[in-house]
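This is a predicted model, so every value here is computed, not measured.
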Amino acid sequence: MRSGRALVTRPRDDAESIAQALTERGFDVQVEPLLQIVFRHDDTPSLDGVQGFLATSANGVRALAMACPRRDLPLWAVGDSTARCAETLGFRPVESAGGNVNHLAELVTRQVDPKQGALLHAAGSTVAGDLAGILGHRGYEVRRAVLYEAHTADAFSAPLLAALDGQELALALFFSPRTAATFATLTLAAKREQACRAIDAFALSPAVAERLARLPWRQIHVARRPDQAALLAAIDAQAGH
């Protein structure tokens, strides 16, 4: 697998950087967003008594930037891509946990005094993990602000069906359990599961890989860390770059 077509299943705004990185590696990239992000504009979260922000996705940061004019409160991000998004949108200071929700909870525990105020979690209508529960047991007040919704696709596009039928995909990338589960469900519904035998799947975490296991992939590869750099490293190792 030194070239070929790579399928990126992220929401379109999130797919840009990984698509560019794959293109630089010689892959032809096909983007099929399996989640559509819809930002809410009906409510501005109150910051009374809030000492900082928590962000578990780049979309949470984007939604927070739309809903709240403040950029001067500290922001703790789940990973590096979320942190970069926050910095690009002007939030300062920004700290990255470099991992998952558990890593973020540990970072907050090390750096934040719960007596100094609440933490506002900029979240979607569906969240992975129980950040509020973990931190709540440690004495923190976490206010979850639902600022966007992520709607799953209900069918594959015609170009993706054609790519599956023509065995044009060499690899497929999955960044979240929800996206992976959606892909598996839609593949089975479209009766295209046999097409996966020719595709290497790359999962951001074991939880993502677990959702992919319903399909007969050529192989499932799991990133060593739950971030984009580690996922690209897994692709490089398999591709021989």
Side-chain angles (χ1 to χ4, degrees), residues 1 6-11 14-15 17-19 21-22 25 27 31-35 54-60 76-85 96-110 121 123-135 137 150 152-153 169-188 192-193 195-241:
M1 189 192 66
L7 177 68
V8 176
T9 57
R10 303 201 81 183
D14 295 320
S17 64
I18 189 71
L22 291 167
R25 285 163 167 77
F27 291 101
V31 177
E32 176 86 1
L34 295 182
L35 292 177
L54 301 175
T56 48
S57 71
N59 285 310
W76 289 272
V78 68
D80 295 344
S81 62
T82 301
R84 284 194 297 271
C85 181
S96 171
N100 55 31
V101 166
N102 292 326
H103 295 127
L104 179 56
E106 293 302 322
L107 177 66
V108 170
T109 302
R110 291 194 304 269
H121 179 197
S125 55
T126 301
V127 296
D130 185 15
L131 181 61
I134 296 171
L135 290 175
H137 284 301
T152 57
L169 299 175
L171 65 154
L173 283 66
F174 300 92
F175 283 76
S176 73
R178 191 177 181 193
T179 299
T182 299
F183 185 90
T185 297
L186 296 182
T187 298
L188 294 168
R192 296 310 202 280
E193 60 268 25
C196 296
R197 294 187 182 277
I199 305 171
D200 280 80
F202 288 83
L204 191 70
S205 69
V208 177
E210 181 181 350
R211 304 306 195 281
L212 296 172
R214 297 164 61 192
L215 299 174
W217 301 97
R218 181 164 55 195
Q219 192 172 352
I220 298 176
H221 310 267
V222 183
R224 290 195 172 191
R225 302 181 313 278
D227 59 45
Q228 181 169 299
L231 194 63
L232 286 169
I235 293 171
D236 289 342
Q238 183 66 19
H241 285 269

Under the criterion side chain to side chain donor-acceptor pair (under 3.5 Å), I'd like the reasoning laid out for Thr185 against Arg214: C-alpha separation, chi angles, the key distance, then a yes or no. CA-CA 9 Å; Thr185 297; Arg214 297 164 61 192; 3.3 Å; yes
Which value, rounded to the nearest 0.5 Å, describes the distance between [X] atom [atom1] and [Y] atom [atom2]?
X	Y	atom1	atom2	value
Asp14	Cys85	CG	SG	8.0 Å
Arg218	Arg197	CZ	CZ	12.5 Å
Leu107	Ser96	CG	OG	8.0 Å
Ile199	Gln219	CD1	CD	13.5 Å

If I compare all heavy atoms of [X] with all of [Y], which pair ends up nearest, and what's the gap?
X	Y	result
Ser205	Val222	C-CG1, 3.6 Å
Pro33	Ala153	O-CB, 4.4 Å
Leu54	Leu131	CD1-CD2, 3.8 Å
Phe27	Ala6	CB-CB, 4.2 Å

Are side-chain heavy atoms of [X] and [Y] found at a separation under 4.5 Å?
X	Y	result
Asp80	Arg84	yes
Glu32	Val8	no
Glu193	Pro216	yes
Leu232	Ile18	yes
Leu7	Leu173	no
Asp236	Arg25	yes

Step-by-step side chain to side chain contact (heavy atoms under 4.5 Å, CB included) determination, His103 to Val78: CA-CA 7 Å; His103 295 127; Val78 68; over 6 Å; no
Could you list the residues that satisfy side-chain hydrogen bond (donor to acceptor under 3.5 Å, both in side chains) with Arg224, not counting sequence neighbours? none
Please name all residues satisfying side-chain hydrogen bond (donor to acceptor under 3.5 Å, both in side chains) with Thr56, sequence neighbours left out, ordered by chain then number. His121
Donor-acceptor contact present, side-chain [X] to main-chain [Y], <3.5 Å:
X	Y	answer
Arg10	Leu35	no
His137	Ile134	no
Trp217	Leu212	yes
Thr109	Ala105	yes

Quick one: do Phe174 and Phe183 satisfy ring-ring contact (aromatic ring centres under 6.0 Å, His included)? Show the steps, please. CA-CA 9 Å; Phe174 300 92; Phe183 185 90; 5.1 Å; yes
With side chain to side chain contact (heavy atoms under 4.5 Å, CB included) as the criterion, how do Gln228 and Ser17 come out once you've worked through the C-alpha distance, each side chain's angles and the decisive distance to 0.1 Å? CA-CA 9 Å; Gln228 181 169 299; Ser17 64; 3.3 Å; yes
Can Thr9 and Thr182 be said to form a side chain to side chain contact (heavy atoms under 4.5 Å, CB included), step by step? CA-CA 10 Å; Thr9 57; Thr182 299; over 6 Å; no
In sequence, state the C-alpha distance, the side-chain angles, and the governing distance for Cys196 and Thr187, and then conclude on side chain to side chain contact (heavy atoms under 4.5 Å, CB included). CA-CA 9 Å; Cys196 296; Thr187 298; 4.2 Å; yes
Could you list the residues that satisfy ring pair (Phe, Tyr, Trp, His ring centres under 6.0 Å) with Phe175, not counting sequence neighbours? none
Taking atom types as modelled, find out whether Ser176 and Thr179 have a side-chain donor-acceptor pair closer than 3.5 angstrom. yes
